[in-house]
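What's counted below: heavy atoms across the whole structure, side chains too, no hydrogens, waters or symmetry copies. Quantities reported herein were computed from a predicted structural model and do not represent experimental measurements.
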Amino acid sequence: FLPCMYTWLIAPLGNSRDGWIYGADVSFATPVVSGAAALALERYPQLKGRPQQLRNVLLRSADAVAPQHPFAPYYGNGFLNIPAALRLPA
């Protein structure tokens with residue numbers, strides 16, 4: 001499981017009042033993790049049809065959370081790190 005709680009993301013959105021979209025929590029983290037999975041599948045095409053191996057790439061590349069972090073019990077395997085996922089050997 002990769003963390004989604006209290007995750008904030010700010011991204012450009014042309015038709016918004018100030019040009020940005022702001023979001024948090026699971027519903028906003030889901031497309032980010034899905035995008036990370038898509039990038040990993042592009043980098044490692046041999047993982048297509050192998051969801052457990054794809055999951056392992058994302059989990060192995062996650063950044064650890066310090067145990068003293070107040071939300072550490074909720075962050076599972078750490079923070080998603082897309083660049084690290086794309087550097088791992090599959």
Side-chain angles (χ1 to χ4, degrees):
F1 132 88
L2 292 172
C4 299
M5 276 182 68
Y6 307 107
T7 300
W8 276 94
L9 182 67
I10 301 171
L13 181 67
N15 62 354
S16 70
R17 191 169 40 127
D18 64 356
W20 296 94
I21 185 171
Y22 306 86
D25 220 340
V26 175
S27 63
F28 211 72
T30 299
V32 175
V33 175
S34 298
L39 289 170
L41 286 172
E42 183 177 353
R43 170 71 174 87
Y44 310 112
Q46 69 273 24
L47 297 180
K48 289 181 181 167
R50 298 178 147 176
Q52 189 62 41
Q53 286 84 355
L54 174 60
R55 177 183 180 269
N56 289 340
V57 166
L58 296 177
L59 293 177
R60 284 191 337 234
S61 60
D63 291 332
V65 178
Q68 66 271 22
H69 190 285
F71 296 112
Y74 306 105
Y75 285 133
N77 286 63
F79 295 107
L80 180 64
N81 184 333
I82 297 170
L86 301 180
R87 288 191 302 265
L88 283 178

What donor-acceptor contacts under 3.5 angstrom involve side-chain atoms of residues 78-87, with partners at least two apart or in another chain?
unit_1: N81; atom_1: OD1; unit_2: A84; atom_2: N; d: 3.0
unit_1: N81; atom_1: ND2; unit_2: D63; atom_2: OD1; d: 3.0
unit_1: N81; atom_1: ND2; unit_2: D63; atom_2: OD2; d: 3.2

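- Crowding of R50 atom CZ: a count of heavy atoms from other residues, nucleotides or ligands under 6.0 Å not exceeding 12.
- The number of heavy atoms from other shown groups lying within 6.0 Å of CD (E42) does not exceed 12.
- The nearest pair of heavy atoms linking L88 to V57 is CD1-O, 3.6 Å.
- Summarising the geometry, atom CG belonging to L47 is positioned 11.5 Å from atom CD belonging to Q52; distances are rounded to the nearest 0.5 Å.
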